[in-house]
**Student:** 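The structure is given below, and queries will be raised subsequently.
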There are 2 protein chains.
Amino acid sequence: MAAGPHGTPTLRDVAEGAGVHAATASRALNPATRGLVNAETARRVMKVAETLGYRPNPMARGLKTAKSGTIGLVIPDLTNPFFPPVVRGIEEVLEPAGYSGLIVNTDNDLLRERTQVDLLRSRQVEGLIVATALVDHPLLEQLHRERVPMVMVNRRPHGFDVPSTVPDDAAGVALAVEHLAGLGHTRIAHLAGPTTTSTGGVRARAFRNAVRDLGLDDDPRLTVVCHRWSEDAGAEGLRTLLDGDAEFTAVVAANDLIALGCYDVLSERDISCPDDLSVVGFNGMPFLDKLGPPLTTIAIPHQQIGAEAARLLLDAIADPTRSARSVLLPVTLVVRESTAPPRRCAGAVR
Amino acid sequence: MAAGPHGTPTLRDVAEGAGVHAATASRALNPATRGLVNAETARRVMKVAETLGYRPNPMARGLKTAKSGTIGLVIPDLTNPFFPPVVRGIEEVLEPAGYSGLIVNTDNDLLRERTQVDLLRSRQVEGLIVATALVDHPLLEQLHRERVPMVMVNRRPHGFDVPSTVPDDAAGVALAVEHLAGLGHTRIAHLAGPTTTSTGGVRARAFRNAVRDLGLDDDPRLTVVCHRWSEDAGAEGLRTLLDGDAEFTAVVAANDLIALGCYDVLSERDISCPDDLSVVGFNGMPFLDKLGPPLTTIAIPHQQIGAEAARLLLDAIADPTRSARSVLLPVTLVVRESTAPPRRCAGAVR
DNA sequence: ACGATTGCTGCAATCGACTGCATGATCGAC
DNA sequence: GTCGATCATGCAGTCGATTGCAGCAATCGT
C-alpha cells in the first residue's frame with residue numbers, strides 16, 4: 001500500500017511506482033494526452049495507478065484547470081415532489097460526464113436565492129441549472145450578462161435567450177380541456193398559476209385558446225389566478241371561484257398542488273368530485289392515484305426534463321458561443337376518477 | 001474592478017489593494033488567525049476584500065488544508081418522499097457551518113452504492129451521512145475501519161458503533177397499536193419491513209411487545225414481512241395476510257409506502273377502509289391527508305432527523321475521538337380517517 | 001541603556017496536478 | 001557517418017491559499 005503521508009496515493013506515488021516522472025504519469029493517465037506517451041509506458045502507469053487505487057485530487061486538478069466538475073442546481077424546494085425526479089434526471093446525465101450537482105433551495109425567496117447562487121459561484125460551479133419560479137429576474141439577467149453557462153428547467157426566461165427544457169404546456173392544457181369537453185362539460189374553469197411565472201402565463205393562455213377552439217363558453221370570470229403554486233393558493237382560488245356567480249362544472253388546475261388545494265375545499269364545502277365538479281391537475285406527481293378520488297392529470301416527463309437540461313448545459317459549457325436551444329417535451333393525459341360527465345342539470349356549483 | 005486575469009479577484013489582488021503581503025491578507029481574512037494581525041490592518045484588508053468582492057477559492061484552500069467543505073449524502077432514492085425533508089434538515093445545519101452536501105442515489109444497489117461512495121471519496125468529502133437500507137454492510141464496515149467520519153440516518157448500524165439519528169420506532173408502533181386497541185380492535189396485523197433493515201426489525205419487535213403489553217391476541221400469523229419498503233411489497237404483504245386464515249380487523253404498516261400498497265389491494269378486493277379494515281402507516285409523508293381515505297400515520301420529524309444527523313457529523317469531524325452518540329427523536333400519532341372501530345361482528349376479512 | 005520580550009509582517013515552501021519548453025534518444029536519409 | 005526529424009520524457013513553473021519560520025520594530029525590565 002504505497003501512499004503519501006495523507007493516506008491517499010498521489011500522482012507522484014504512481015509515477016514513482018512506475019519509474020517515471022510525475023509529468024509522464026499525468027500524461028499517461030489523461031486520455032487526451034496519452035498519445036504523447038509511449039504506449040507501453042502508458043500501460044504500465046495505468047496499471048500502477050489501478051493497483052494503487054489512485055484517484056486524481058479534484059482540487060489540485062481544479063486549481064490548475066479552473067474547472068470544478070460541479071454544476072449548481074437552483075431549485076425552489078426539494079420537498080416539492082416535482083423536483084426530485086428532475087434532479088435524478090439531471091444527475092443521470094451529469095455523472096457519466098464527470099460532473100456532480102450541488103443542490104440549493106431558494107424557497108422562492110429573492111434574497112435567499114441571491115446568497116445561494118453566490119454560494120454556488122464561490123464554489124466555482126461551472127454552470128447553473130435553474131428551476132426557480134420568477135420570470136422577471138434581475139439575478140438571472142446579471143448571470144446571463146456575466147456569461148455564466150445556464151439552463152432553465154420548466155420555465156422560460158423572459159427577455160434574454162437562455163436554453164431551457166419545458167413540458168409542452170399548451171398541448172397539456174389542450175389535452176385536459178378536450179378531455180373535459182369530450183365528457184360533455186361546456187363551462188370549464190381554470191385555476192391559473194402565478195402570472196409572475198412563465199408557466200402560469202403560458203398555461204392560462206393555452207386554456208383560453210383551447211376553450212375557444214372547442215367552441216366552449218369563454219367566460220373571463222372562469223379564470224382565477226392563484227398567487228402561488230401551492231395547496232393553499234389553490235384552495236383560495238377555488239373558493240373565490242365558487243363564491244363568484246359564474247357557473248362551472250369542471251376545473252383545470254394549473255398544477256397538481258393547486259388541484260390538491262381544491263380537494264380541501266371540496267370536503268370543506270361538501271362538494272362531491274367528480275359528481276358535482278370534475279378536477280384535472282397538471283404535472284403527474286406521485287401517489288395521485290391514491291387520492292380520494294384519484295386525480296386525472298397531465299403527466300410530464302420529469303426525469304427527461306432534467307436529463308435534457310443537463311445535456312443542454314454540458315453543450316453550453318463545451319461551446320459557449322452556441323446559440324440558445326430550447327427543448328419542448330411531450331406530455332400525456334392520465335385519466336383517473338376525478339373527472340366524469342357533468343350531472344344532467346348542473347347549475348352553479350355551490 | 002481590480003481583478004486577476006481570470007476575472008475573479010484573488011488573494012493577491014486584495015493584498016495589493018491593501019498594500020500588504022498576501023500572507024497578511026490571508027491571516028486578516030481568516031477569523032481564527034485575525035488576532036495575529038494589527039487590528040487596523042485587518043480592517044483595511046477586509047474592506048478591500050469587500051469592495052473587490054473577493055471570494056476565497058475553495059480549491060486552492062482545500063488543496064492546502066486537505067479539506068473540501070463538502071459532505072456526502074448517501075441516500076437510496078431522492079424520489080422517495082421520505083428523503084427530501086431529511087436532506088433539507090441536513091443542509092440547514094451544514095450551510096451555516098460552511099459545508100455543502102453532495103447527494104448520491106444508490107437505488108439500494110450494492111454495486112452502485114460502492115461506486116457512488118467511491119465517487120464521493122474521490123471528491124474528497126470530509127464525511128458521510130448514510131441513509132441506505134442494509135444493516136449488514138461490508139462497505140459501511142470498511143468505511144468505519146478507514147475512519148471516515150460517518151453518521152447514519154433512520155437506521156442503526158449492526159456490529160460497530162456509528163452515530164445515528166432515528167425516530168423512536170418503538171414508541172411510534174406502540175402509539176399506533178394503542179390507538180387501534182382504544183378503538184376496540186383486538187386482532188391487529190403487522191406488515192413488517194424487510195428484516196435486512198434495522199428499522200424493519202425494530203418496528204416488528206415493538207409491534208409484538210405492544211400487542212402483548214395491551215393483552216391483545218398475539219398471533220404470529222398476523223405478522224407478514226414485506227421484502228421491500230415499497231407499495232408493491234405492501235400490496236403483496238396484505239394479499240398473503242388476507243389469503244391466510246387468521247382473522248384481523250386492523251393493520252399496522254411498517255411505513256406509509258407499504259400502507260399505500262394496502263390501499264391498492266383494498267380497492268382490488270373491494271374491501272372498505274376503515275369499515276372493514278383499519279390501516280395505520282408510519283412516517284407521515286406529505287399528502288397523506290388527501291388520500292381516500294386520509295391515512296392515519298405516525299409522523300416523524302424528518303427535518304429534525306436530518307439536522308441532528310448533520311450536527312452529529314460535524315461533531316465527529318471536529319473531534320474524531322469522541323464516542324458514537326445516537327439520537328432518538330420523538331414521533332407523534334396523526335389520526336385521520338383510515339382508522340375506526342371494528343364493525344360489530346367482524347369475522348375474517350376477505 | 002542594553003538585552004529580552006512581544007507584536008506584526010514578509011518570505012518562501014507547500015498542497016497535487018497540469019503543461020510549455022527543452023533535452024535526450026532513436027531512426028532514417030543522404 | 002553525420003544531420004535533421006520524430007518521439008518520449010523530464011524539468012520547472014503555475015494555479016491560489018495557507019503557514020512555519022524569520023526578521024524587524026517597538027516596548028519592557030532592571
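Order of the sequence lines fixes the chain letters, A, B, ..., with proteins taken first and strands second; residue numbering starts at 1 for each chain. Computed from a predicted model, the values in this text were never measured in an experiment.
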**Student:** Give me each pair satisfying ring-ring contact (aromatic ring centres under 6.0 Å, His included) with a member in residues 61-93 of chain A, each pair once, sequence neighbours excluded.
**Tutor:** A:Phe82-A:His302
**Student:** Roughly, in whole Å, what's the span from CZ in B:Arg123 to P in C:dG16?
**Tutor:** 18 Å
**Student:** ring-ring contact (aromatic ring centres under 6.0 Å, His included): which pairs involve residues 8-58 of chain A, sequence neighbours left out?
**Tutor:** none
**Student:** All N/O contacts under 3.5 Å from nucleotides 4-12 of chain C to the protein, with atom names and distances to one decimal?
**Tutor:**
unit_1 : atom_1 : unit_2  : atom_2 : d
C:dT9  : OP1    : B:Thr41 : OG1    : 2.6
C:dT9  : OP2    : B:Asn38 : N      : 2.9
C:dG10 : OP2    : B:His21 : N      : 2.8
C:dG10 : OP2    : B:Thr24 : OG1    : 2.6
C:dG10 : N7     : B:Arg27 : NH2    : 2.9
C:dG10 : O6     : B:Arg27 : NH1    : 3.4
C:dG10 : O6     : B:Arg27 : NH2    : 3.0
C:dC11 : OP2    : B:His21 : NE2    : 3.4

**Student:** So which pairs with a foot in residues 33-56 of chain B pass salt bridge (charged side-chain N to carboxylate O under 4.0 Å, His left out), sequence neighbours left out?
**Tutor:** A:Asp118-B:Arg55, B:Glu40-B:Arg43
**Student:** Which residues satisfy the side chain to side chain contact (heavy atoms under 4.5 Å, CB included) test with A:Ala28, sequence neighbours excluded?
**Tutor:** A:Val37, A:Ala42, A:Val45
**Student:** Distance check, rounded to the nearest 0.5 Å: A:Ile317 atom CD1 versus A:Ile71 atom CD1?
**Tutor:** 3.5 Å
**Student:** Which of the following nucleotides, D:dG16, D:dC15, D:dT19, is nearest to the side chain of B:Leu63?
**Tutor:** D:dG16
**Student:** Would you say a side-chain N or O of A:Tyr54 is under 4.0 Å from OP1 or OP2 of C:dA17?
**Tutor:** yes
**Student:** Between A:Asp107 and B:Arg88, does any side-chain N to carboxylate O distance fall below 4.0 Å?
**Tutor:** yes
**Student:** Roughly how many Å is it from CE in B:Met59 to P in C:dT14, rounded to a whole number?
**Tutor:** 23 Å
**Student:** Return the value, rounded to whole Å, for the distance between atom CG of A:Leu29 and atom P of C:dA17.
**Tutor:** 9 Å
**Student:** Please report, rounded to the nearest Å, how far the P atom of C:dC15 is from the CZ atom of B:Arg61.
**Tutor:** 19 Å
**Student:** To the nearest 10 degrees, how far apart in direction are the end axes of the helix from C:dA1-D:dT30 to C:dC30-D:dG1, each fit to five base pairs?
**Tutor:** 50°
**Student:** Rounded off to whole Å, could you give me the CG-to-C1' distance for the B:Asn57 and C:dG16 pair?
**Tutor:** 14 Å
**Student:** With the side chain of A:Ala60 defined as its heavy atoms from C-beta on, choose the nearest nucleotide among D:dG16, D:dA17, C:dA17.
**Tutor:** C:dA17
**Student:** Just to confirm, is there a sub-4.0 Å distance from OP1 or OP2 of C:dA17 to any side-chain nitrogen or oxygen of A:Thr10?
**Tutor:** yes
**Student:** Of all residues at least two apart in sequence or in a different chain, which pass the side chain to side chain contact (heavy atoms under 4.5 Å, CB included) check with B:Arg121?
**Tutor:** B:Val117, B:Leu143, B:Glu146, B:Val148
**Student:** My understanding is that only residues two or more places apart in sequence, or in another chain, count here; which of them pass side-chain hydrogen bond (donor to acceptor under 3.5 Å, both in side chains) with A:Arg61?
**Tutor:** none
**Student:** Starting at atom CD of B:Glu16, determine the distance to atom P of D:dG16, rounded to an integer number of angstrom.
**Tutor:** 13 Å
**Student:** Could you state the CG-C1' distance from A:Asn30 to C:dA17, rounded to the nearest angstrom?
**Tutor:** 11 Å
**Student:** Using whole Å, report how far NZ of B:Lys67 lies from P of D:dA17.
**Tutor:** 19 Å
**Student:** Phosphate oxygens OP1/OP2 of C:dC18: is one of them under 4.0 Å from a side-chain N or O of A:Ser26?
**Tutor:** yes
**Student:** Using the test side-chain hydrogen bond (donor to acceptor under 3.5 Å, both in side chains), find all partners of A:Asp315 that sit at least two apart in sequence or belong to another chain.
**Tutor:** A:Arg325
